[in-house]
There are 2 protein chains.
Amino acid sequence: MTAVIPFGELKRACGNCSLRELCLPYGIGESDLRRLEQLVQRHAPVARGKQLFLQGDPLRSIFAIRTGSVKSVTVGEDGAEQITGFHFPGELVGFDAIAADVHDCSVVALEDTSVCEIPFDRLDELSGCVPGLRRQLMRLLSREIQQDQQMLLLLGKKGSEARMAAFLLSLSSRFVGRGLSASRFHLSMSRGEIANYLGLAMETISRLLARFQQDGLITVDGREVALLDLPRLHVVADMGSDGGGFTRRREG
Amino acid sequence: MTAVIPFGELKRACGNCSLRELCLPYGIGESDLRRLEQLVQRHAPVARGKQLFLQGDPLRSIFAIRTGSVKSVTVGEDGAEQITGFHFPGELVGFDAIAADVHDCSVVALEDTSVCEIPFDRLDELSGCVPGLRRQLMRLLSREIQQDQQMLLLLGKKGSEARMAAFLLSLSSRFVGRGLSASRFHLSMSRGEIANYLGLAMETISRLLARFQQDGLITVDGREVALLDLPRLHVVADMGSDGGGFTRRREG
DNA sequence: CGCAAATTTGAGAGCATTCAACTCCTGTGG
DNA sequence: CCACAGGAGTTGAATGCTCTCAAATTTGCG
């Protein structure tokens with residue numbers, strides 16, 4: 001991996017960071033904040049396609065995304081790869097490793113990405129002293145559980161259209177939280193990666209985007225997307241898997 | 001909900017509990033164990049079909065399953081229900097609520113079930129003092145993330161046969177950890193609930209179980225199941241979604 | 001400018017669903 | 001004791017959504 005730059009070179013980085021509301025330091029005091037900052041290490045940016053860590057690596061650190069974006073990928077015993085999430089500035093990755101002290105997914109940069117590295121044992125120690133930090137850590141872990149379960153609902157009960165709409169809306173709402181446009185953004189992942197994430201074929205993604213555009217829901221130009229009709233997108237996202245506006249029955 | 005029985009009436013329950021290796025007290029000392037025990041409340045058993053808590057309820061407590069089994073269910077905005085997990089003795093439920101202080105799934109008993117209730121704020125406090133407890137809590141949260149992500153892989157990349165096989169093997173391995181038979185057990189959930197959980201139709205579950213039996217993989221009699229060929233079940237569970245032993249391509 | 005990768009588009013095939021009928025099991029009431 | 005209602009589960013047939021295969025087209029980049 002790339003060389004670690006001592007964090008002292010940055011003046012009170014967490015305190016000044018525009019992402020602190022989303023990240024670990026949320027809700028902790030000035031002095032505790034400084035103690036957290038001493039833990040944090042900064043890396044030279046990670047190049048597109050390079051990994052933060054690999055599935056099977058021992059847990060050393062948690063990473064916070066500063067700029068750019070990453071995907072986390074799990075490969076099953078049979079070699080099938082599943083993208084379990086995309087992560088954007090302010091989000092943390094590596095939580096899956098706490099259970100067994102080993103990462104069970106790889107995290108790969110989708111574009112040039114800068115991250116903060118936080119040694120986990122030090123973070124664990126500090127969280128013992130700082131209740132606010134401990135709660136925020138738990139909140140972030142819990143939020144990941146929530147998100148995964150929303151995803152289970154999506155994959156288990158929704159058809160391709162609803163999945164695509166939900167995906168676009170999820171990106172939108174996450175970008176809004178970072179002060180970006182809710183209706184116009186750049187996709188840092190390929191069609192194939194979206195397909196993998198949503199449990200669909202790449203060709204299906206292509207067709208869905210085309211159909212959404214025809215229907216006036218969105219505009220697509222390569223990886224540039226504009227959401228034209230948020231309300232209707234929400235309707236589509238809430239649809240059952242039959243795509244006709246009625247919920248497909250799957251249980252007795 | 002049912003009346004709470006003061007836990008003092010039970011002699012050192014966590015310490016004597018056969019599930020302590022799986023549960024919260026794992027890896028903490030004698031004196032800390034006693035402090036944990038003082039937190040724990042015991043309920044009268046929860047009847048089949050009754051709920052521990054409902055989606056939308058504020059977070060009050062985490063629950064540990066002592067005997068019986070439960071399902072957790074999330075309902076989407078459109079009313080579609082997704083079972084996000086089944087839980088057995090020694091497992092904890094309620095972690096999803098930490099993020100927003102509100103449960104985003106309901107937990108319902110599949111059979112008469114006894115549980116331990118642990119007030120979350122007290123647990124949070126105590127975990128600040130007891131590093132071992134804090135780590136175990138984090139491990140349990142992290143394990144849930146891992147499991148959900150395994151499930152994402154299953155729903156995203158695997159066909160019906162692989163899902164069914166993986167489901168049976170998952171039950172098997174969890175029962176083994178509790179000293180039960182790995183190859184012979186009772187299903188506490190209906191076909192419809194399995195179907196919902198696996199993102200399939202009830203009829204498909206029925207057909208799969210029949211086919212597995214024909215193929216000599218298992219024996220089914222109502223809700224009694226025996227796994228006859230663990231190795232081959234593992235092969236089936238690792239198969240891609242085409243069911244032919246080759247991985248279906250879903251990404252470029 | 002030209003190759004390689006990513007994306008789009010078209011056509012046919014397959015797995016799982018939906019619809020529907022039937023069996024089995026259980027509990028209830030006459 | 002038996003008829004009956006209701007739920008759970010099974011089985012069969014047909015439809016369809018999404019996949020796979022294939023080829024054209026565009027984009028990215030050296």
Side-chain angles (χ1 to χ4, degrees), chain A residues 47-49 80 110-112 154-164 186-214 218-225 236 239-252, chain B residues 48-49 80 110-111 154-165 167 186-214 218-225 236 239-252:
Chain A
R48 174 182 145 80
L110 293 170
E111 56 195 313
D112 289 359
L154 203 66
L155 295 185
K157 291 274 162 306
K158 304 301 186 75
S160 60
E161 295 189 350
R163 293 186 200 185
M164 189 74 230
H186 176 84
L187 300 173
S188 55
M189 69 293 290
S190 71
R191 303 285 193 271
E193 287 165 331
I194 298 173
N196 182 300
Y197 179 62
L198 295 178
L200 300 169
M202 192 207 329
E203 294 91 331
T204 302
I205 301 301
S206 199
R207 281 186 252 269
L208 284 169
L209 288 175
R211 194 186 320 163
F212 279 12
Q213 184 162 40
Q214 276 188 349
I218 66 172
T219 281
V220 202
D221 177 31
R223 293 191 174 186
E224 300 302 322
V225 178
V236 175
M239 276 192 327
S241 54
D242 59 72
F246 302 99
T247 302
R248 187 188 216 159
R249 288 185 333 152
R250 292 220 190 193
E251 187 187 5
Chain B
R48 173 183 146 81
L110 294 171
E111 55 194 316
L154 203 65
L155 294 185
K157 291 275 161 306
K158 303 301 186 75
S160 61
E161 295 189 349
R163 292 186 201 185
M164 190 73 230
F167 174 67
H186 176 85
L187 299 173
S188 55
M189 68 293 290
S190 72
R191 302 287 195 271
E193 286 165 331
I194 298 174
N196 182 300
Y197 179 61
L198 295 178
L200 299 169
M202 194 210 324
E203 296 92 329
T204 303
I205 302 299
S206 203
R207 281 185 253 269
L208 284 169
L209 289 175
R211 195 187 320 163
F212 280 11
Q213 184 162 40
Q214 278 188 349
I218 65 172
T219 282
V220 202
D221 177 32
R223 293 190 174 187
E224 300 303 322
V225 177
V236 175
M239 277 191 326
S241 55
D242 58 76
F246 302 99
T247 302
R248 188 188 215 159
R249 287 184 335 154
R250 293 219 187 194
E251 186 187 7

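Bear in mind that the values here come from a model prediction, so they are computed numbers and not experimental data. The chains referred to below are lettered A, B, ... by the order of the sequence lines, with proteins before strands, and numbering in each begins at 1.
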Distance, rounded to the nearest Å, where R163(B) contributes CZ and dA16(C) contributes P: 8 Å

Distance, rounded to the nearest Å, where Q214(A) contributes CD and dT8(C) contributes P: 13 Å

Whole angstrom value for the distance that separates P of dC25(C) from CD of E224(B): 14 Å

Rounded distance in Å - CG (L208(A)) to P (dC17(D)): 12 Å

Sugar-phosphate, base or nothing in reach of R223(B), heavy atoms under 4.0 Å: sugar-phosphate

Set of salt bridge (Lys or Arg N to Asp or Glu O under 4.0 Å) partners for R223(A), sequence neighbours left out: none

Whole-Å gap separating C1' (dC15(C)) and CE (M239(B)): 13 Å

Separation of dA16(C) C1' from L155(B) CG (nearest whole Å): 14 Å

Length of the NZ-P vector between K158(A) and dA16(C), whole Å: 22 Å

T219(B) and E224(B), any side-chain heavy atoms less than 4.5 Å apart: no

Evaluation steps, side chain to side chain contact (heavy atoms under 4.5 Å, CB included), between M239(A) and V236(A): CA-CA 5 Å; M239(A) 276 192 327; V236(A) 175; 3.9 Å; yes

Most 5' of D221(A) and S160(A) on DNA chain D, judged by nearest nucleotide: S160(A)

Test side chain to side chain contact (heavy atoms under 4.5 Å, CB included) applied to R48(B) and L110(B), step by step: CA-CA 5 Å; R48(B) 173 183 146 81; L110(B) 294 171; 5.8 Å; no

I205(A) CD1 to dT9(C) P, straight-line distance once rounded to whole Å: 14 Å

Pairwise N/O distances under 3.5 Å, protein to nucleotides 11-14 of chain D:
from, atom 1, to, atom 2, distance (Å)
dG12(D), N7, R207(B), NH1, 2.9
dG12(D), O6, R207(B), NH2, 3.3

Beyond-backbone contact of L154(A) with L198(A), side-chain heavy atoms, under 4.5 angstrom: yes

Residue L200(B), side-chain atoms from C-beta onward, closest of dT7(C), dT10(D), dA16(C): dA16(C)

Approximate separation, where rounding is to 0.5 Å, of E111(A) CD and M189(A) CE: 8.5 Å

Note, L200(A) side chain near L208(A) side chain (heavy atom, < 4.5 Å): yes

